[in-house]
Amino acid sequence: MLEEVERWLDRRSWSVADRPLERILAAKRNTRVSVVLPALNEEATVGDIVSVIRRELMSEAVPLVDELVVIDSGSTDRTAEVAAAAGARVVARDAILPRIPAVPGKGEVLWRSLMVTTGDVVCFIDADLRDFSADFVSGIVGPLLTDPDVDFVKAMYDRPFGDTPGQGGRVTELVARPLLNLHWPQLAGFVQPLGGEYAARRSLLERLPFPVGYGVELGLLVDALHTVGLDALAQVDVGVRKHRHQDGQALGRMAAAIYRTAQLRLSRGHLVRPRLTQFERGEKGFEPRTHAVDTEERPPMIEIAEYARRRVA
């Protein structure tokens with residue numbers, strides 16, 4: 001590990017207990033905090049997450065979060081109804097920036113969320129978390145409120161796989177961590193580089209391109225490094241993350257998108273064949289299934305005319 005990274009781990013890796021809520025609230029002053037949950041068919045978990053945030057972080061006693069928005073990216077279940085009933089403002093992905101046709105993907109939703117939120121600090125939380133703790137929000141928002149030199153904060157945590165502790169994050173260990181260590185060794189200290197829980201200043205997010213799909217977390221992390229430098233990045237230990245795990249083929253598609261995101265940042269070149277072929281056993285043996293790899297990226301939001309007009313207004 002680079003000496004620079006070892007120093008960074010000492011300076012910029014914290015525990016949620018390092019910043020009690022009283023200290024965070026005292027530092028908040030007039031800073032607005034938005035929490036965004038990107039959601040697609042998450043009726044089983046999104047309501048509990050919204051309820052915890054509203055109860056523990058949006059009360060008169062603890063007014064940490066000013067805005068809680070669920071972006072529904074085309075759910076076919078009751079995600080929108082459950083989230084609204086729990087107290088979130090629900091916005092349909094396709095209703096945001098209708099001039100630009102939406103494409104499937106998590107990064108697309110996060111990018112569009114900048115258009116319908118107002119916080120100076122924006123916190124992203126995945127909507128499939130179980131046994132959700134408000135520490136996931138306060139832990140990663142805290143450094144942005146108490147330390148003006150910090151611009152981007154990732155959550156770190158244990159990721160159990162079923163009943164086995166510490167076995168989650170398979171794409172992280174097999175794809176993202178090797179890529180980061182080999183090509184961006186300054187980022188080798190991040191425990192969960194692909195984690196979906198992170199917070200950043202709007203002034204940074206609006207200047208970054210957003211890969212539309214699974215590559216968004218790696219893309220934002222790498223681009224934030226190049227934009228503001230390692231010392232402006234941080235991570236906070238928030239405990240244990242429990243969520244719904246993807247099957248092996250979905251992980252393969254995720255890995256391909258992440259590799260593509262890395263490849264673009266390394267060379268800004270083009271893959272000859274941005275597709276991934278996988279195999280499923282069918283009636284006649286193994287049958288190929290070919291999927292497109294996410295290659296599109298959204299430009300920095302600050303370059304979008306509608307967003308620029310909103311800033312002037």
Side-chain angles (χ1 to χ4, degrees), residues 34-42 46 67-77 79-80 83 88-119 122-129 152 154 171 176 193-200 202 204-224 243-244 246 250-265 271 274-276 291-308 310:
S34 298
V35 174
V36 172
L37 276 67
L40 176 63
N41 295 330
E42 302 293 358
V46 68
E67 184 177 44
L68 175 55
V69 182
V70 171
I71 310 292
D72 183 17
S73 55
S75 297
T76 56
D77 65 1
T79 290
R89 176 161 67 96
V90 179
V91 182
R93 176 200 61 195
D94 294 355
I96 307 169
L97 286 172
R99 174 179 64 85
I100 303 173
V103 298
K106 179 184 178 183
E108 177 82 355
V109 176
L110 300 185
W111 181 73
R112 288 174 186 264
S113 76
L114 297 180
M115 192 69 206
V116 294
T117 54
T118 60
V122 182
C123 173
F124 298 124
I125 300 291
D126 280 350
D128 65 342
L129 302 188
F152 188 99
K154 297 277 295 189
V171 176
L194 299 185
E197 292 70 45
Y198 47 101
R202 176 178 294 272
L204 171 61
L205 290 173
E206 66 186 10
R207 289 184 286 155
L208 301 180
F210 278 61
V212 298
Y214 286 128
V216 63
E217 272 81 31
L218 183 134
L220 290 178
L221 188 59
V222 169
D223 291 341
H243 67 114
R244 171 173 44 81
Q246 305 253 23
L251 295 180
R253 297 190 289 275
M254 184 184 302
I258 289 165
Y259 181 82
R260 170 62 171 174
T261 300
Q263 190 263 350
L264 282 173
R265 277 150 182 78
L271 287 177
R275 293 178 177 84
L276 175 71
H291 306 269
V293 174
D294 295 320
T295 59
E296 188 171 353
E297 296 198 3
R298 294 305 190 186
M301 183 58 80
I302 203 168
E303 297 177 7
I304 300 300
E306 292 92 332
Y307 187 79
R310 194 193 78 171

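Since the model is a prediction, treat every value here as computed from it, not as a measurement.
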Considering only heavy atoms from C-beta outward, does the side chain of [X] approach that of [Y] to under 4.5 Å?
X    : Y    : answer
L208 : P300 : no
R99  : I304 : yes
P193 : L218 : no
L68  : L37  : yes
R260 : Q263 : yes

Please answer whether the main-chain N or O of [Y] pairs with a side-chain N or O of [X] as donor and acceptor at a distance below 3.5 Å.
X    : Y    : result
R112 : I96  : yes
W111 : E297 : no
D128 : E42  : no
R202 : G119 : yes

**OP:** Could you tell me whether E108 and R93 make a salt bridge, using a distance below 4.0 angstrom between a side-chain N and a carboxylate O?
**Re:** no
Subject >> SB check K106 E217 (cutoff 4.0 Å) >> reply: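 Answer for the salt bridge query: yes.
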Supply the atom-to-atom distance [X] [atom1] to [Y] [atom2], rounded to the nearest 0.5 angstrom.
X    : Y    : atom1 : atom2 : answer
D72  : D77  : CG    : CG    : 8.0 Å
L110 : I71  : CG    : CD1   : 9.0 Å
T76  : N41  : OG1   : CG    : 4.0 Å
E303 : E206 : CD    : CD    : 11.0 Å

Subject >> Verdict with reasoning, F152 to L221, per side chain to side chain contact (heavy atoms under 4.5 Å, CB included) >> reply: CA-CA 8 Å; F152 188 99; L221 188 59; 3.9 Å; yes
Can you name the closest pair of heavy atoms from [X] and [Y] and give their distance?
X    : Y    : answer
P211 : G219 : CG-CA, 4.3 Å
I100 : R298 : CG2-NH1, 3.4 Å
F124 : S113 : CE2-OG, 3.5 Å
D126 : L129 : O-CG, 3.6 Å
A127 : P38  : CB-O, 3.4 Å
R310 : T117 : NH1-O, 2.9 Å

**OP:** Take L97 and E306 through the test side chain to side chain contact (heavy atoms under 4.5 Å, CB included) and record every step on the way to the result.
**Re:** CA-CA 8 Å; L97 286 172; E306 292 92 332; 3.6 Å; yes
**OP:** Would you please test T261 and V222 for side chain to side chain contact (heavy atoms under 4.5 Å, CB included) and show each step?
**Re:** CA-CA 10 Å; T261 300; V222 169; over 6 Å; no
**OP:** Under the side chain to side chain contact (heavy atoms under 4.5 Å, CB included) rule, what do L194 and Y214 come out as? Steps first, then yes or no, please.
**Re:** CA-CA 9 Å; L194 299 185; Y214 286 128; over 6 Å; no
